[in-house]
Chemist: 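Can you read through this structure? Questions will come right after.
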Amino acid sequence: MSELSPRRRLLVLAICCMSLLLVSLDNTVLNVALPSLQRDLDASTSGLQWTIDAYTLVLASLLMLAGSTADRIGRRRVFTAGLVVFTLGSLLCSLAPDLETLVAFRMVQAVGGSMLNPVAMSIITNTFTDPRERARAIGAWGAVVGLSMAAGPLVGGLLVDSVGWRSIFWINLPVGLAALVLTLRFVPESRAPKARRTDPVGQLLVIALFGSLTYAIIEAPHAPLSTTAPFGAVALASLVALLRYESRRHEPLIDLRFFRSAPFSGATVIAVSAFAALGGFLFLSTLYLQNVRGLSALGAGLWMLPMALPTFLCAPLSGRLVGNRGPRLPLLIAGGAMTAAGLLFALFEAETSNTTLVVGYVLFGVGFGFVNAPITNTAVSGMPRAQAGVASAVASTSRQLGQALGVAVVGAVLAAGVDSSSYAESFTEASRPGWWILTACGLAVLVVGAATSGRWACATARRTAERLESAEIREAAGADA
């Protein structure tokens with residue numbers, strides 16, 4: 001790919017950021033619309049869980065496949081296809097006549113979304129070849145996540161109250177079409193010099209693992225054991241088969257050798273824990289503010305600003321701290337703040353007082369704002385440069401899986417304890433175990449972050465990187481011979 005002018009590079013970055021805004025905004029906007037969906041489509045708590053988890057599960061399952069496919073057949077081609085599928089899925093979601101159809105169309109959306117974020121990151125990496133420019137570009141890319149957190153509740157609240165929940169999908173149409181036109185006009189095509197082979201067996205095992213595990217968790221409070229137990233068995237069998245198969249494959253979907261690096265393993269656990277906390281936090285907060293306090297969607301969005309704004313403000317600060325001092329301090333701040341927020345709700349019923357509710361939201365926003373930058377940095381720090389993209393894709397998959405599991409587990413706990421005949425009265429008590437789960441997630445971020453960002457962990461990361469690089473050299477030499 002030829003060198004682009006500075007203006008052209010910035011335009012490519014803006015187009016990629018538009019795609020991230022589409023995917024990120026969609027989830028935060030939808031959370032505010034959940035009570036309206038519940039009323040209009042007569043949805044149960046598990047039905048609401050599926051409107052979120054159907055999207056995040058498909059996204060998590062296909063991220064690595066989309067990235068490797070783009071490296072092989074062309075990044076702009078896959079990115080363009082992702083924009084088309086995501087925009088079409090958004091249109092279908094806005095027309096869904098019932099909950100089951102909406103869940104199916106959310107999965108269509110996710111197929112398109114899986115072609116956007118990892119591929120956009122590859123486009124940015126290949127467009128900005130200077131390390132400093134690339135760092136600034138990735139920083140701008142990361143700030144978009146904070147922007148979606150800040151804008152999502154307000155945009156969703158305004159749309160739901162003024163037009164209805166279907167309008168939250170309409171906003172994707174003009175943005176998606178504009179990004180499509182700009183991509184075709186300005187984004188150059190690029191491919192990887194040596195693309196990884198496809199791994200269809202590994203991909204199917206990942207889908208079976210994620211899907212069956214989440215189904216078993218969500219449906220456990222409602223369905224008999226004879227219905228959910230087989231799905232739990234499928235999840236366990238898929239996990240065992242995936243570990244055995246991937247360890248023997250030359251170019252696996254998930255290279256299990258990565259997990260010998262303490263920072264990489266830690267980043268995976270932190271990503272799952274932090275985003276599980278986010279998914280559960282948004283789910284509980286939205287239902288409480290609208291179904292218990294009786295606020296409108298816009299009122300709920302305004303109440304969530306004390307969480308969204310610190311996330312937006314702390315994200316770039318975290319990135320600078322990671323660059324200057326490493327990931328340890330941001331991870332400690334993130335874990336400490338998220339744990340404190342969870343304890344405030346679990347022990348002191350923070351939601352029952354305006355003051356403690358705001359303090360809890362601010363603490364969680366600060367924690368989540370600090371956690372994103374060190375996840376990617378810690379994941380790739382123990383990898384050879386040639387494997388940094390794959391390591392980043394695993395971290396992204398862990399984020400989506402964590403959010404899906406957070407909604408599934410916390411929603412299942414809530415559904416098991418809430419009394420439908422006295423919903424408002426029973427919600428606070430029924431949500432208490434959920435807040436304890438979110439506290440445990442924050443504590444996991446704190447403990448694992450402290451354990452895997454120290455000097456000994458960095459030393460093991462360097463040794464792991466050296467072994468992986470040596471193995472790649474030997475494999476390449478064998479292939480040439």
Side-chain angles (χ1 to χ4, degrees), residues 24 27-28 30-31 34 45-64 103 106-107 110 113-114 205-223 228-229 231-236 238-239 242 254 259 265-287 334-335 338-339 342 346 364 367-368 371-372 375 379 393-416 431 433-445 447-448:
S24 301
N27 262 342
T28 53
L30 181 63
N31 268 281
L34 288 178
T45 299
S46 63
L48 296 181
Q49 291 170 269
W50 278 117
T51 61
I52 297 174
D53 276 359
Y55 180 86
T56 52
L57 278 175
V58 173
L59 205 61
S61 300
L62 299 181
L63 279 171
M64 287 180 285
V103 170
R106 286 280 288 167
M107 296 173 73
S114 70
L205 288 172
V206 166
I207 293 173
L209 170 60
F210 290 176
S212 56
L213 176 62
T214 306
Y215 181 90
I217 294 172
I218 290 179
E219 298 301 327
H222 318 284
T228 56
F231 286 92
V234 169
L236 180 60
S238 299
L239 176 61
L242 182 68
I254 303 173
F259 293 95
S265 298
T268 303
V269 174
I270 291 167
V272 171
S273 301
F275 277 77
L278 174 68
F281 196 96
L282 290 176
F283 192 80
L284 287 177
S285 295
T286 300
L287 293 181
M338 294 173 78
T339 302
F364 189 86
F368 191 74
V371 82
N372 243 321
I375 287 176
V394 174
S396 297
T397 300
S398 301
R399 290 182 176 98
Q400 299 299 329
L401 176 61
Q403 190 166 353
L405 290 177
V407 173
V409 173
V410 171
V413 169
L414 179 66
S431 64
W435 290 119
W436 279 113
I437 292 171
L438 302 188
T439 302
C441 290
L443 190 60
V445 173
V447 173
V448 176

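Each residue takes its place number in the sequence, starting with 1.
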Chemist: How far does OG1 of Thr397 sit from CG of Leu63, to the nearest 0.5 angstrom?
Modeler: 4.5 Å
Chemist: For Ala276, enumerate each residue passing the side-chain contact (heavy atoms from CB on, under 4.5 Å) test, keeping only those at least two apart in sequence or located in another chain.
Modeler: Cys441
Chemist: Please identify each residue that fulfils side-chain contact (heavy atoms from CB on, under 4.5 Å) with Thr339, with sequence neighbours left out.
Modeler: Leu343, Thr439, Leu443
Chemist: With rounding to the nearest 0.5 angstrom, report the CG to CD1 distance, Asp53 to Ile218.
Modeler: 4.5 Å
Chemist: Is it the case that the side chain of Ser398 and the backbone of Val272 share a donor-acceptor pair, with hydrogens and angles ignored and the cut-off at 3.5 Å?
Modeler: no
Chemist: Taking side chain to side chain donor-acceptor pair (under 3.5 Å) as the definition, give me every residue that meets it alongside Asn31, ordered by chain and number, with sequence neighbours left out.
Modeler: none
Chemist: Report yes or no: does Ser285 contribute a side-chain atom to a donor-acceptor pair with the main-chain N or O of Leu282 at less than 3.5 Å?
Modeler: no
Chemist: Calculate, to the nearest 0.5 Å, the distance between atoms CE and OG1 belonging to Met107 and Thr56 respectively.
Modeler: 10.5 Å
Chemist: Should Arg399 and Asn372 count as side-chain neighbours, where that means a heavy-atom distance under 4.5 Å?
Modeler: yes
Chemist: Could you list the residues that satisfy ring-ring contact (aromatic ring centres under 6.0 Å, His included) with Phe275, not counting sequence neighbours?
Modeler: Phe368
Chemist: Would you compute the distance between atom CG of Leu405 and atom CG of Leu213 and round it to the nearest 0.5 angstrom?
Modeler: 5.5 Å
Chemist: Which word best sums up how the rings of Trp435 and Phe281 line up, parallel for under 30°, tilted for 30 to 60°, or perpendicular for over 60°?
Modeler: perpendicular
Chemist: Do Phe210 and Val58 have side chains that approach each other closer than 4.5 Å (heavy atoms only, starting at C-beta)?
Modeler: no
Chemist: When rounded to the nearest 0.5 angstrom, what distance separates CD1 in Ile217 from OG in Ser212?
Modeler: 9.5 Å
Chemist: Return a table of donor-acceptor pairs under 3.5 angstrom between the side chains of residues 409-416 and protein atoms on other chains or two or more places apart.
Modeler:
none

Chemist: Is the backbone N or O of Ala408 less than 3.5 Å from a side-chain atom of Gln49, with the two atoms forming a donor-acceptor pair by type?
Modeler: yes
Chemist: In chain order, what residues pass the side-chain contact (heavy atoms from CB on, under 4.5 Å) check against Ala444, with sequence neighbours excluded?
Modeler: Ser273
